[in-house]
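Numbers here simply count residues along the sequence, with the first being 1.
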Amino acid sequence: MAKFELKLPKMGESVAEATITNWLKNVGDHIDADETVLEIATDKVDSEVPSEVEGTLVEILFKVDDVVQVGQTIAIIETEGGAAAPAPTKASAPAEAKVVAETVAVAQETVSASVDFSDSDKFFSPLVKNIAKEEGISVAELEAIAGTGKDGRVTKNDILEYVKNRGNQPQQVAAKVEAPKAAAPASTATATKAAPVSVNGADEIVEMDRMRKLISGYMVKSVQTSAHVQSFIEVDVTNIVNWRNKVKNSFEKREGEKLTFTPIFMEAVAKALKDFPGMNISVEGDYIIKKKNINLGMAAALPNGNLIVPVIKNADQLNLVGMAKAVNDLGNRAKAGKLKPDDTQGSTYTVTNVGTFGSVFGTPIINQPEVGILALGAIRKVPAVIETPEGDFIGIRQKMFLSHSYDHRVVDGALGGQFVQRVAQILEAFDPNREV
């Protein structure tokens with residue numbers, strides 16, 4: 001028998017960790033090669049982890065809701081035949097280390113059962129809280145750690161360094177660990193937040209799913225972080241509507257892709273960002289980060305009512321055919337739940353199409369840490385004044401509103417207004433005889 005270490009696989013360059021959401025196999029279950037063992041989630045998408053080998057699951061190293069780093073061992077699978085094992089087995093540890101590990105594990109379970117980090121006024125990331133629970137660190141200890149992160153936050157390195165040196169002060173640690181135990185009976189009633197109760201008995205109370213909780217947190221954080229300001233501009237897109245109606249059938253026949261308005265608008269936004277690079281930035285504390293690449297986030301509604309923002313990488317380098325293929329590919333995979341974690345990372349500016357549901361304009365919330373987001377309103381036939389050499393007259397035109405939300409901390413009205421005006425100019429100057 002040989003033991004295979006099932007590790008959390010790499011899910012993209014910008015994804016360093018994931019949360020375990022569901023174990024599909026239990027200890028003792030037989031697993032086939034390529035069979036899914038567990039489900040995981042990053043802050044944007046859900047995924048599955050298959051087994052690379054056939055064997056029996058003998059050990060699960062993390063629980064549901066634990067945060068795991070990429071490359072970390074999450075389970076042990078026992079395979080048939082020592083020589084056939086495709087992964088190296090762990091070096092045997094001294095018996096003393098095993099005894100210590102078991103003792104620590106028991107202590108951790110006892111302490112973690114009584115620790116409620118929501119009692120602290122400080123912010124701790126899920127990863128830091130997970131390490132604290134695993135190492136049996138109390139709230140009081142965690143609050144006492146000097147953080148080196150932004151605004152004094154405790155980072156992974158801070159808490160790991162504390163754990164490393166923690167053994168040098170056994171008496172102090174013991175005293176701090178005991179404190180939550182003594183307070184546990186008094187705080188038991190408040191440790192778990194009670195669910196709301198229907199007054200009339202007819203209302204249905206449903207807890208938010210994981211993604212909705214994440215979206216909720218992101219939206220609140222963005223409003224609290226950025227000084228949101230909006231600019232609105234009306235655009236005549238008659239030439240675009242007429243051109244698309246003329247070429248959409250031949251385009252689909254030739255390229256095998258539907259031609260929607262979205263890639264046309266995304267192309268215009270990418271061009272405007274090149275003209276106004278001050279919108280293609282992010283903010284980190286007191287520093288402005290000027291982005292080299294133009295990566296457009298494309299907000300997409302999911303069938304379950306949630307929202308996700310896949311990213312078109314290097315959008316300024318795509319022609320209209322490439323943009324249409326990228327938009328359709330990401331949109332289809334988003335609806336099917338097949339996006340990869342890296343598909344939602346690295347956006348530098350976001351576009352959302354509120355016109356899909358008939359909205360004329362909106363006031364979208366900025367996708368942090370970006371500094372702007374553009375909402376595309378519904379295209380409508382409206383009466384408009386048309387200027388000609390012979391004089392003005394009233395005609396029917398296809399028009400829409402562009403709604404630009406931007407962060408007034410770093411983007412003033414001149415830049416915010418000029419950018420959305422540039423997008424409008426590009427759209428209105430669209431060539432109705434364009435070849436594609």
Side-chain angles (χ1 to χ4, degrees), residues 7-22 24 34 36-50 65 67-71 74 126 208-219 221-222 256-258 260 262-263 265-267 269-270 282 291 293-315 317-318 321-354 356-357 364-370 373-376:
K7 300 179 183 293
L8 184 67
K10 186 175 181 180
M11 298 167 286
E13 293 182 1
S14 56
V15 181
E17 62 185 32
T19 302
I20 295 176
T21 57
N22 185 30
L24 302 178
D34 295 327
T36 301
V37 180
L38 69 155
E39 296 173 340
I40 59 174
T42 67
D43 59 346
K44 296 290 179 67
V45 299
D46 297 338
S47 187
E48 298 175 340
V49 178
D65 293 332
V67 178
V68 185
Q69 298 296 299
V70 169
I74 51 181
M208 295 182 189
D209 61 25
R210 187 193 64 84
M211 181 172 282
R212 177 48 55 184
K213 289 177 183 178
L214 288 171
I215 294 172
S216 174
Y218 292 147
M219 296 299 100
K221 180 181 178 182
S222 181
E257 300 279 351
K258 290 185 179 295
T260 65
T262 301
F265 297 142
M266 299 298 265
E267 181 186 54
V269 171
S282 64
K291 299 294 186 177
N293 299 326
I294 295 177
N295 300 331
L296 294 182
M298 181 183 71
L302 299 177
N304 62 4
N306 286 324
L307 181 72
I308 199 165
V309 185
V311 181
I312 302 173
K313 305 291 175 62
N314 299 309
Q317 299 178 17
L318 298 176
V321 174
M323 188 73 78
K325 289 180 181 293
V327 166
N328 292 341
D329 172 57
L330 290 171
N332 292 335
R333 286 197 288 124
K335 292 176 182 177
K338 294 183 179 180
L339 286 175
K340 300 175 182 177
D342 210 38
D343 290 330
T344 61
Q345 304 292 327
S347 62
T348 60
Y349 187 89
T350 297
V351 178
T352 178
N353 191 354
V354 298
T356 301
F357 309 105
I365 296 175
I366 295 169
N367 185 20
Q368 295 296 325
E370 299 164 21
I373 181 171
L374 187 70
L376 309 172

Taking [X] for the side chain and [Y] for the main chain, is one N or O donor matched with an acceptor at less than 3.5 Å?
| X | Y | value |
| --- | --- | --- |
| Asn293 | Asn314 | no |
| Asn328 | Ala324 | yes |
| Ser222 | Met219 | no |
| Asn22 | Ile40 | no |

Worked check of side chain to side chain contact (heavy atoms under 4.5 Å, CB included) between Thr352 and Val354: CA-CA 6 Å; Thr352 178; Val354 298; 4.3 Å; yes
Spacing of [atom1] belonging to [X] relative to [atom2] belonging to [Y], to within rounding of 0.5 Å:
| X | Y | atom1 | atom2 | answer |
| --- | --- | --- | --- | --- |
| Ile312 | Ile294 | CD1 | CD1 | 12.0 Å |
| Met323 | Gln317 | CE | CD | 10.5 Å |
| Gln368 | Thr350 | CD | OG1 | 10.0 Å |
| Glu39 | Thr21 | CD | OG1 | 5.0 Å |
| Lys291 | Ser347 | NZ | OG | 9.0 Å |
| Arg210 | Asn306 | CZ | CG | 9.5 Å |

Full working for side chain to side chain contact (heavy atoms under 4.5 Å, CB included) between Leu339 and Thr344: CA-CA 8 Å; Leu339 286 175; Thr344 61; 4.2 Å; yes
Nearest heavy atoms of [X] and [Y], plus distance in Å:
| X | Y | value |
| --- | --- | --- |
| Lys7 | Val49 | O-CG1, 4.4 Å |
| Ala334 | Ile308 | CB-CG2, 4.0 Å |
| Arg212 | Gly305 | NH2-O, 3.3 Å |
| Gly346 | Val311 | C-CG1, 4.3 Å |
| Met298 | Gly331 | CE-N, 3.9 Å |
| Asp342 | Lys313 | O-NZ, 3.2 Å |

Non-neighbouring partners of Leu307 that pass side chain to side chain contact (heavy atoms under 4.5 Å, CB included), sequence neighbours left out: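 Leu307 satisfies side chain to side chain contact (heavy atoms under 4.5 Å, CB included) with Ile215, Ala299 once adjacent residues are dropped.
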Set of side chain to side chain contact (heavy atoms under 4.5 Å, CB included) partners for Asn353, sequence neighbours left out: Thr262, Thr356, Leu376
Pair Lys340-Ser47, side chain to side chain contact (heavy atoms under 4.5 Å, CB included): steps then yes or no: CA-CA 8 Å; Lys340 300 175 182 177; Ser47 187; over 6 Å; no
Val269/Leu374 under side chain to side chain contact (heavy atoms under 4.5 Å, CB included): CA gap, chis, key distance, verdict: CA-CA 9 Å; Val269 171; Leu374 187 70; 3.7 Å; yes
Greater than 12 external heavy atoms within 6.0 Å of Lys213's NZ: yes
Over 12 foreign heavy atoms within 6.0 Å of NZ, Lys325: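 Count over threshold, so yes.
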Test item: side-chain donor near acceptor, Glu370 and Thr348, under 3.5 Å: no
Distance-only polar pair, side chains of Asp209 and Asn304, donor-acceptor under 3.5 Å: no
Side-chain heavy atoms of Asp343 within contact of Arg333, under 4.5 Å: yes
